[in-house]
> 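Let me begin by handing over the structure; questions about it come next.
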Amino acid sequence: MEASSSSKFLLSDFASGSPFIPSKYIRPVGDRPELDGVENSGEGAIPVIDLSGLNGPHRHKVVTEIGMACKNAGFFKVKKHGIPKEVLHRMLHASKAFFHLPESARLKNYSDDPTKSTRLSTSFNIATEKLSSWRDYLRLHCHPIEAFINEWPSQPPSFKQAAADYASHVRCLTLLLLSAISESLSMKSGYLERALGRHAQHMAINYYPKCPQPDLTYGLPGHKDPNVITILMQDGVSGLQVMRDGKWVSVEAKAGELVVNVGDQLQVLSNGRYKSVLHRAVVNKDLERLSVPTFYCPGPETVVEAAEELVDKEHPRLYKKFTYEDYTDKFWKGGLRMESCLDLFRESE
Ligand code: OGA
Ligand code: NI
């Protein structure tokens with residue numbers, strides 16, 4: 001028997017109760033998470049970088065660590081990142097409260113249109129996809145905050161302030177990381193900040209309800225992030241898995257730590273020195289999970305291309321220039337998939 005989804009927009013509103021997931025969530029054999037075979041990263045596979053040294057005499061050492069992580073893993077965790085615990089906590093708390101609102105209050109924000117700057121939706125892009133993912137999500141544009149805060153959910157009452165405080169702290173952290181990453185490429189510290197043109201910052205709040213059959217489906221299937229860098233906050237429940245040396249490795253969700261990953265635009269802006277890496281989210285039977293990625297992006301009109309200094313005989317230019325809007329358009333239409341959209345923009349040999 002299938003859970004009925006006919007009259008419901010959001011997974012949260014039809015997921016509970018049935019011991020079986022609806023057929024549109026069932027991945028074909030060969031495209032399932034195979035959870036038993038996944039290694040736990042523990043402390044090893046994903047480096048943990050203490051950022052407190054960035055503002056002192058050891059800056060160069062930390063910059064080198066960040067550069068190595070972007071090159072080798074595409075992912076790292078940061079601690080002592082400067083965002084107060086209480087700002088993280090209030091954001092998680094308000095986000096959870098949002099997803100626990102009654103259906104009618106949540107649905108005020110519902111839309112299937114990926115171009116809307118504030119919207120609640122489900123799966124990835126239900127207009128184009130054949131199979132669904134076990135996720136509801138709220139997406140918010142967050143920079144500049146004043147341009148968007150009026151659109152954000154007005155319930156729960158704590159939401160707007162918690163999200164505004166979190167977004168402005170994450171922006172500061174991101175600018176700090178962009179300057180360190182620029183230096184790690186032997187560029188001036190303002191390279192990436194300038195290359196993004198008019199900056200954009202988008203936040204998603206991913207809500208993964210408990211799932212009765214987590215072996216058959218994904219919270220999010222394997223994908224690479226289209227933006228420049230992503231900063232991910234998690235609620236303490238694990239579920240993120242990262243591709244490392246051809247194997248999926250699960251990343252432990254530890255309170256206070258944030259996960260940073262290289263997105264496709266940083267792969268372009270570094271001319272392939274840094275890699276946007278496959279990752280996915282799996283779900284589980286016992287616990288709901290919440291994660292809050294911040295996607296830091298160029299403005300839609302920004303032309304993205306690697307600086308001349310990063311192009312030489314050994315490193316020929318890898319990608320044709322494109323506007324970020326061209327890129328995201330292809331990303332949303334293509335659906336989440338294991339191949340990156342970047343292949344569409346490769347320079348011919
Ligand atoms: C994403 C993503 C991972 C997670 O939203 O792009 O990769 O753990 N999320 O929710
Ligand atoms: Ni992602």
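Counting starts at 1 for both ligands and their atoms, in listed order.
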> Considering only heavy atoms of His279, which atoms of ligand 1 have at least one such atom less than 4.0 Å away?
7 (O)

> Can you list the protein N, O or S atoms less than 2.8 Å from the Ni ion (ligand 2)?
His223 NE2, Asp225 OD1, His279 NE2

> Is it true that Tyr137 lies under 4.0 Å from ligand 1, counting heavy atoms only?
no

> Among all the protein's non-hydrogen atoms, which is closest to atom 2 (C) of ligand 1, and how far away is it?
Leu220 CD1, 3.5 Å

> Quick check against the 3.5 Å criterion: does Thr302 have a side-chain atom that pairs as donor or acceptor with the backbone of Val304?
no

> Surrounding NE2 of His60 (heavy atoms of other residues, nucleotides or ligands, distance under 6.0 Å), is the total greater than 12?
no

> Backbone or side chain, does any N or O of Ser291 fall under 3.5 Å from an N or O of ligand 1?
yes

> Could you tell me whether Asp225 approaches ligand 1 through its side chain, its backbone, both or neither, with non-hydrogen atoms closer than 4.0 Å?
side chain

> At what distance is the nearest protein heavy atom to atom 5 (O) of ligand 1, and which residue and atom is it?
Asn206 ND2, 3.1 Å

> Within the side chain of Trp152, is there an N or O that forms a donor-acceptor pair under 3.5 Å with the backbone of Gln161?
no

> Could you identify which residues cluster with Val303, counting Ile, Leu, Val, Met, Phe, Trp and Tyr as linked when any side-chain heavy atoms lie under 4.5 Å apart, either directly or through a chain of such contacts?
none

> Considering only heavy atoms of Pro293, which atoms of ligand 1 have at least one such atom less than 4.0 Å away?
5 (O)

> Given Phe331 and Phe124, is the ring pair (Phe, Tyr, Trp, His ring centres under 6.0 Å) satisfied, shown in steps?
CA-CA 11 Å; Phe331 177 79; Phe124 173 70; 5.6 Å; yes

> Does one side chain, of Asp225 or His279, offer a donor that lies under 3.5 Å from an acceptor on the other?
yes

> Do the charged groups of Glu309 and Lys188 touch, with an N to O distance under 4.0 Å?
no

> Distance to 0.1 Å, residue and atom name: give those for the protein heavy atom nearest to atom 3 (C) of ligand 1.
Leu240 CD1, 3.9 Å

> For a quick test of your reading: what N or O donor-acceptor pairs under 3.5 Å do the side chains of residues 209-217 make, sequence neighbours left out?
| residue | atom | partner | partner atom | Å |
| --- | --- | --- | --- | --- |
| Gln213 | OE1 | Ile21 | N | 2.8 |
| Thr217 | OG1 | Tyr25 | O | 2.8 |

> With heavy atoms under 4.0 Å as the rule, classify the contact between His223 and ligand 1 as side chain, backbone, both or neither.
side chain

> Run the side-chain donor-acceptor check on residues 169-180: report pairs under 3.5 Å with partners two or more places apart or on a different chain.
| residue | atom | partner | partner atom | Å |
| --- | --- | --- | --- | --- |
| His169 | ND1 | Asp165 | O | 3.0 |
| Arg171 | NH1 | Tyr296 | OH | 2.5 |
| Thr174 | OG1 | Val170 | O | 2.7 |
| Ser179 | OG | Arg59 | NH2 | 3.3 |
| Ser179 | OG | Leu176 | O | 2.9 |

> Looking at Arg106 and Asp13, does any basic side-chain N land under 4.0 Å from a carboxylate oxygen?
yes

> Provide, to 0.1 Å, the distance between atom 8 (O) of ligand 1 and the closest protein heavy atom, together with that atom's residue and name.
Arg289 NH2, 2.8 Å

> Whether the side chain of Ser133 engages the backbone of Arg135 through a donor-acceptor N/O pair (distance < 3.5 Å, no angle test) should be reported.
no

